[in-house]
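Right, one structure below, let's go through it.
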There are 2 protein chains.
Amino acid sequence: MTAQTVRVELAGDGGSDRSYDITVGQGILASVGTLLADAGCRRAVAIADAAVVSSHAEKVVTSLQAAGIETLPIEVASGESSKAAGEAARIWGALAEAAVDRKTHVVAIGGGVVGDLAGFVAATYVRGLAVWQIPTTLVAQVDSAIGGKTGINLPAGKNLVGCFWQPRGVVSDIESLATLPLRELRSGLAEVVKYGMIRDEPFFRWLETHVDEITAATPTAVHHIILTSSRHKAEVVSQDEHETTGLRAILNYGHTFAHAFESATGYGRFLHGEAVSLGMAAAARLACRLGRIDAETAERQDRLLAALGLPIDFANVASSLSTDELLAIMRRDKKAISGQLRFVLPTRLGHVELVDGIDPAAVVDVLAAKA
Amino acid sequence: MTAQTVRVELAGDGGSDRSYDITVGQGILASVGTLLADAGCRRAVAIADAAVVSSHAEKVVTSLQAAGIETLPIEVASGESSKAAGEAARIWGALAEAAVDRKTHVVAIGGGVVGDLAGFVAATYVRGLAVWQIPTTLVAQVDSAIGGKTGINLPAGKNLVGCFWQPRGVVSDIESLATLPLRELRSGLAEVVKYGMIRDEPFFRWLETHVDEITAATPTAVHHIILTSSRHKAEVVSQDEHETTGLRAILNYGHTFAHAFESATGYGRFLHGEAVSLGMAAAARLACRLGRIDAETAERQDRLLAALGLPIDFANVASSLSTDELLAIMRRDKKAISGQLRFVLPTRLGHVELVDGIDPAAVVDVLAAKA
């Protein structure tokens, strides 16, 4: 399977073109050095998740060094708790210690945690270093590594601090998924189903008819999934880079509920994709409750998610949590305005809309499985 | 004296015009509320230096509330030590606590410390809040409040962490300068002399012939100084917003030495402008040593700085510090590339150039007053 690229088209910034390529292929980590050298990089900081240092990051570092790029490796502990202000400060200090200059590139190797954290550090160190995203998890390859959202969590909420900072390029090696635990692979599929739900009914149907190949993670199926997802993400980001027109907000389908479930459970119980799966199940039910879709559409989404091994029983999850707390978290969601509830909801398979001023009572009913 | 505006022209971002006005006038703090209300602001966070809360910030907050804008006041301790990661984290937490949403505007009231810190917090909270700069010191009015540089210090160096984040507007009330200690007023004049040196010989001559009015801080002189300085800063920023073409770097004339003096003395001995004055004196001597200007030009600059009450005896300062440490700090200056020494140096009165690869021996000679 030859590597393929998806272009993320972006408006220029004072003459410089900020558009970049996502490269999807098999066994392409060894090509990262050449890619960066061609982009003029002579010095790099490789920030990697501790879990992928020996399996993937060392390949990238070797490739960078072979291309004549002096490389400082920095390891980040696995897990969401690394996406914190203290960890950003530690890495800022390490960059200062190494006398990193503005021409140094940052290379982020790992999943969403490392991509978001390293992206934020790159965005803010000496007012901006070039950053390359080398996602090694499915959720990062199909979603978080693309589009320039960087950030860290605060105790009060996920991703409350961050910047928009586009990478110079994204390299998605489907081979890195081989070392991924099954639960994490499944988790990544939630965002994939999301693209079908929000803007691609044919892709949704392809997913429905290829469940076996997908759960077996055949290279052909995985390649198709990553490439299609990358195209969707790239198109949406190109059209609304800074989430100002409302278009990019459609990517948050399922995420308002998901963030509430993650936050109320201390980020320790669900993987992000699992929370998104629960969140999409809840959002579809809310859309039913509001008469926007019929029950069959919600059930069809539920069936696909469940077939892919993803959790959908959000009511059971909600029953163990405080509804007031869930509502309070949703009200202070980044997308919320003046504490009003705002959701991305489907109107049919392959189409969603951003809906303001949702009645809290409807949300309460949905969470209590009364809708 | 009627208020006057200077426009900072910036490239648009996906259709939205990011250009903004600097308003310079007398007694205009009371107009801030109307300005923000006209810009659609309904909720604000007023981040103020503790030293100006009763003198200026309360006026601004009253004006915001009178315009129907719900305002959360946040106080920041005076002094450079507030420009730190811990203080940013404290304010992020306060914004989360107050459930601040993306439509909330930040209003920064104070000098460079509050402007840079509040600007950084605004740039990074929920990936960007609108920010208004209300500078109450001369150095902030003529320089730091304009142009979108935000940042915090690390133990290893000043402004090592930050973003470019343009304000929605700048309001410079010359009346706020009345409460400014004389030493701080003088400190602000260093950046004013800098504009003369780097791009405006006639203004330099005007400064030379108006030393008495300037040191007496007559409203007419101060108004002319702030307006002229704002125009220069606005023009340079418009032409090179992100310091990519090298043009904006001319604003750093004197600053490579200045940052080294500030850092080596633990940021406690000199006000920023005093360090800049020493730095310009040193840079002019370095330019002499390299045959770029004659001694008379350096002496003319020294005479003006001294007449305005600013320090110029950098050799005396350097003699109490380690030359190796000063050089090490200058090598890791944000503007440095690959540890090479890089300075902005005059070629004549009213013109400077960015010069790479300066021989460290020349810098050592200058610091030892051997040049």
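Note that the coordinates shown come from a computational prediction; the quantities given were computed from them, not determined experimentally. In what follows, chains are A, B, ... by sequence order, proteins preceding strands, each numbered from 1.
Contact of T104(A) with chain B is not made at all, since no heavy-atom distance falls under 4.5 Å.
Distance check, rounded to the nearest 0.5 Å: SG of C163(A) to CZ of F120(B) gives 6.5 Å. Separating the OG1 atom in T124(B) from the CD1 atom in I152(A) is a distance of 8.0 Å, to the nearest 0.5 Å. Atom OG1 in T244(B) sits 10.0 Å away from atom CZ in R102(A) (nearest 0.5 Å). Taking CZ from R127(B) and CH2 from W165(A), the interatomic distance works out to 14.5 Å, rounded to the nearest 0.5 Å.
Between chain A and the residues A156(B), P155(B), G162(B), the largest count of heavy-atom pairs under 4.5 Å involves G162(B). In terms of heavy-atom pairs under 4.5 Å with chain B, the best-connected choice from R331(A), R43(A), K103(A) is K103(A). Ranked by heavy-atom pairs shorter than 4.5 Å toward chain B, the options L95(A), L10(A), T150(A), D240(A) are led by T150(A).
Between L154(A) and A96(B) the shortest heavy-atom distance is CD1-CB, 4.2 Å.
The number of heavy atoms from other shown groups lying within 6.0 Å of CD (Q65(A)) is above 12.
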